[in-house]
Amino acid sequence: MPAFEDSDFGVQTPLSPVKSRDSNRLGRVTSRGSQVVGSQPVGSVGSITIPTDGPGNAVEVPATRSSISEASQYMHSLSLSPSMKDRRGSRNSFGASLPIPRSKRQSRLSSVNYPDGVPQRPGMPPIQPSRDIIAAQLQDLSSEKVRAAKDMAFVFDIDGVLVHGDRLIPEGKRVLEILNGDNELGIKIPHIFLTNGSGKPEIARCAQLSKILSTQISTDQFIQSHTPMRALAEYYKTVLVVGGEGYKCREVAEQYGFQDIVVPNDIVASDPSIAPYRVFTDEERATSRPRDFSKTNIDAIMVFSDSRDYATDMQIIIDLLRSENGRLGTLAKDPESQRIPIYFSQGDMLCPTEHPIPRMSQGTFRIGLEAMYKALTGADLERVVYGKPELATYKYADEVIASWMEQIHNDERLPSNIYMIGDNPASDIIGGNMYGWNTCLVRTGVFQGGDNDEENPASFGVFRNVLDAVQTAIRKELGEDFKFGFDESINPVLNGNGISAVE
Ligand code: G3P
Ligand code: MG
């Protein structure tokens, strides 16, 4: 597998300040904060600022090694934000393949998830018997608009577009009302959700989102980063599943059909010495599933969600990657040919949260592992990364859209005009652009830039929020005069193609 140079991707991010691999020639900031450029005598290379007003009983010993991270030479540059300029939409090494479920219906859990009972009309006011009849009549009289409404679809990113963590972005609620029928035709405009979020079963996440957005969201219109990874259950028998709270990712893997699922707690419970810094609680011991891992080969590693304990998870993953075919306690003679595969559900570096500065996500965890692996074995770590902007994830989204079309319009096909609405240029937008979708970048999340993102510009434009984006797209497809509101008092006979509904 090739290792890539930063220049292959033309990206410089705050995470890759190193421009030269000769650290002696790097610019540095002294302890007084001034910039120094040029060679430094051996022993003084570095840039870490040491406070000068300490208690005075510490001795400052010059570092003998560069304080500049060595990770850049160890990690795949694809780990960094891919740049549209270089037409690199993938964080994966070229040549890797990512299985996705062949047919959505065969492989997904059935189920429209309605936590509060089956809704008649998600997002809409309580049923009135005449309403559906009126809507049907209006739709009969506006066949062109109806055709256009069924020939478009929205794909929503979630974090930073519809919600911030558990907090609603108010325009998100209104958008879903409009798309669920609160529009002049009373028609459902197709839409699905495509998130790099992870860490709990789809049904649980849909229930949580349905509550926040006051709209029923079905698992059949919903894709998390690990959702397509259910296809991997056919490939591997015993898997290590990493990340997420408690045992939720074990539950996810069970639902995906994995036969034999190991989580790090099972390994720690079997041999606490494997994770020397771990404080293992009685409850964790009681809920884990220890076994004799010297008799078990783990076939693959699946990082489904963010690690809750980097030290333990990284140690166990590195142990497995260096082992003979996934047998803990062994060290492979040839680390490459005997190495088991490792998959990550997504590659985002940072995730916006309640904290003012975005928090590290799976991408940074992976880069740490890549650097450790290279440092310990001398070999590049081959790995597969699912999630946006990976092509496999977008292909899977197509399946879900077509299938959702069948559910809501009894017409299983892909609409011609698909709009991706996202807040992250390096994930939502680059992926949508490369997949030929119209892309809309909103300002309610990661993107805080100017007119458009310079590296990965949104093709349909930049919008204040999701409501702006959706209304603009609908007006383009259905006409500038399209009304966002359904008026049940309207008389369809008197209002043919020139329907006038409420604003
Ligand atoms: O980065 C992890 C995740 O929270 C991103 O979610 O919905 O913005 O793809 P989303
Ligand atoms: Mg987002």
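Order of appearance sets the numbers: ligands from 1, and atoms from 1 within every ligand. Every value quoted in this text rests on a predicted model; they were computed, and no experiment measured them.
Asp313 and Ser307 form a side-chain donor-acceptor contact under 3.5 Å, judged by distance and modelled atom types alone. In summary, the side chains of Gln221 and Ser218 do not present any donor paired with an acceptor at a separation below 3.5 Å, with no hydrogens or angles considered. When only modelled atom types and interatomic distance are considered, Ser345 and Gln224 share no side-chain donor-acceptor pair under 3.5 Å.
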Given Tyr310 and Phe365, is the ring-ring contact (aromatic ring centres under 6.0 Å, His included) satisfied, shown in steps?
-> CA-CA 8 Å; Tyr310 272 40; Phe365 179 75; 4.9 Å; yes
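Each of the atoms 7 (O) of ligand 1 lies under 4.0 Å from some heavy atom of Ile158. Near Lys388, the atoms of ligand 1 lying under 4.0 angstrom from a non-hydrogen atom of the residue are 9 (O). Atoms of ligand 1 lying under 4.0 Å from any heavy atom of Thr195, numbered from 1 in the order shown and given with element: 6 (O), 7 (O), 9 (O), 10 (P).
You'll find the side chain of Thr287 stays beyond 4.5 Å of the side chain of Arg285, heavy atoms only.
To the nearest 10 degrees, the angle centred on the Mg ion (ligand 2) between O in Asp159 and OD2 in Asp157 reads 80°.
Nearest protein heavy-atom neighbour of atom 2 (C) of ligand 1: Gln346 NE2, 3.4 Å. Among protein heavy atoms, atom 4 (O) of ligand 1 sits closest to Asp159 OD2, 2.9 Å. The protein heavy-atom contact nearest to atom 5 (C) of ligand 1 is Asp348 OD2, 3.8 Å. Nearest protein neighbour of atom 8 (O) of ligand 1, counting heavy atoms only, is Asp157 OD1, 2.8 Å.
The Mg ion (ligand 2) sits nearest to atom OD1 when only the N, O or S atoms of Asp423 are considered.
With Asp182 as reference, Arg174 is the one residue of Arg174, Lys483, Lys188 to meet the salt bridge (charged side-chain N to carboxylate O under 4.0 Å, His left out) rule. Here the options are Phe156, Phe484, Tyr419, the test is side-chain contact (heavy atoms from CB on, under 4.5 Å), and the partner is Val470; only Phe156 passes.
Using cut-offs of 30° and 60° for the angle between ring planes, the Tyr256 and Phe258 rings count as tilted.
Heavy atoms of Gly197 come nearer than 4.0 angstrom to ligand 1 in at least one pair.
Close N/O approach between Asp428 and ligand 1 is not found [any backbone or side-chain N/O within under 3.5 Å].
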